[in-house]
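What follows is a single structure, written as structure tokens, with notes after it.
Just the heavy atoms: all of them, side chains too, but no hydrogens, waters or symmetry mates, feed the values below. Values in this document were obtained by computation on a predicted structure and should not be read as measured data. Just so you know, ligand 1 is whichever comes first in the structure, and atom 1 is the first atom listed for that ligand.
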Amino acid sequence: MPRDYYEVLGVSKSASDDEIKKAFRSQAKKYHPDLHPGDKEAEAKFKEVNEAYSILSDPDKKAKYDRFGHAGVDPNGFGGGGGGYGGGYGGGAYDVDLGDIFNSFFGGGFGGSSRRRTGPQKGADLKYHMALDFMEAAFGVTKTFQITKEDICKSCNGSGAQPGTTPETCPTCRGAGRVQQQTQTLFGMTMVTKACPTCSGRGTVIKTPCTQCRGKGRLKTMKNLTVKIPAGVDTGDLLPVRNEGEPGTNGGPYGDLYIEFKVKSHEVFDRNGYNTSCSVPITFAQAALGGEIEVPTIYGKEKYTLKEGTQPGDTITLRSKGIPNKSNPNMKGDHVVKFVLEVPTGLSREQKQLLNQFNETLTERNYAKRSQFFQKLKNIFK
Ligand SMILES: [Zn+2]
Ligand SMILES: [Zn+2]
């Protein structure tokens with residue numbers, strides 16, 4: 001079975017076109033075959049990512065997929081089973097320049113994409129998994145947490161050069177970042193442009209590397225973030241935190257951080273979307289006689305008048321006593337209470353006698369279901 005396309009790209013079903021595009025770019029970067037030569041798994045992942053994007057970036061196909069799942073989209077509809085990248089990376093039908101993706105990795109020295117060498121590139125998006133208590137998810141919460149990410153080295157401000165020194169122009173490529181090289185191909189000798197091997201395409205070399213980041217300009221950095229989480233989030237929801245991803249290259253903006261939630265279960269309440277439910281045990285006498293009881297909701301206890309003759313498994317629905325809608329907190333789900341009959345155990349002899357006395361007073365009139373049931377049996381076996 002093919003994996004869910006949203007899952008492949010790591011976005012929620014409600015992700016915007018932009019979010020889908022961003023997620024695709026970050027996934028495509030991660031699994032690009034040129035970064036994993038000979039790695040069959042990465043290649044398969046890359047195909048999967050391309051396939052998911054070809055569907056989710058096409059409004060028509062996306063709508064079909066949303067309605068019917070994989071059955072709704074022709075598996076060959078995206079250019080022959082994931083072949084979209086086989087014949088030249090820039091030539092896919094997708095609205096994304098794969099040259100961009102290369103740029104952020106190879107500093108533009110790659111193939112024909114060098115025209116963008118100095119263009120600013122947005123940094124990678126990151127994902128953070130966060131567990132929330134049931135009530136935190138229901139009502140929203142402000143959370144402070146720590147992330148570890150690649151960030152610009154504060155010591156050298158990202159230049160990679162020891163403070164007080166500056167990067168120098170690369171002597172091999174004289175700052176161009178690219179070198180021309182003669183290469184033997186199937187079609188004879190060709191001049192190809194490659195990333196400069198001395199400076200890896202940066203155009204500069206560092207004589208005295210920064211001691212903090214060893215010349216990389218970036219460092220694994222821990223950062224505390226405080227984020228306000230809206231009421232109503234559920235397991236699998238993604239909350240974007242803008243500009244808290246990894247730093248961009250060539251002056252590009254930071255990527256974004258996406259918080260993915262997992263909501264813990266609750267000892268009393270269950271949740272289904274914005275609706276909540278719980279079971280309330282009642283006694284035999286309460287069920288038979290009815291009367292005022294208290295039922296729990298996520299907002300506290302509510303008084304409820306149990307009707308006479310309540311049956312085990314009967315439910316009531318309390319409108320708008322469920323979880324606030326995350327896009328409109330004034331809209332709330334419903335709360336369903338299910339009554340569970342608890343039969344008393346450990347009766348004393350006296351209690352048993354009383355119950356027997358009481359039982360002898362009952363007639364078929366008091367047991368609608370039971371008398372119907374035995375009537376049916378009689379009809380079957382007569
Ligand atoms: Zn540094
Ligand atoms: Zn160079």
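- Rounding to 10°, one obtains 100° for the angle at the Zn ion (ligand 2) between SG (C196) and SG (C199).
- Checking K22, E19, E244, K127 one by one against D256, the side chain to side chain contact (heavy atoms under 4.5 Å, CB included) holds for a single residue, K22.
- The heavy-atom pair separating Y258 from P240 by the smallest distance is CE2-CB, 3.6 Å.
- The angle subtended at the Zn ion (ligand 2) by SG of C173 and SG of C170 is 100°, given to the nearest 10°.
- With the Zn ion (ligand 1) as the vertex, atom SG of C213 and atom SG of C153 span an angle of 110° (nearest 10 degrees).
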Do E150 and K220 pass the side-chain contact (heavy atoms from CB on, under 4.5 Å) test, and can you show the C-alpha distance, the side-chain angles, and the key distance before you say yes or no?
CA-CA 4 Å; E150 286 268 307; K220 279 265 177 236; 4.1 Å; yes
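- If you look at Y5 and F24, their ring centroids are not closer than 6.0 Å.
- When SG of C156 and SG of C210 are joined through the Zn ion (ligand 1), the resulting angle is 120° to the nearest 10°.
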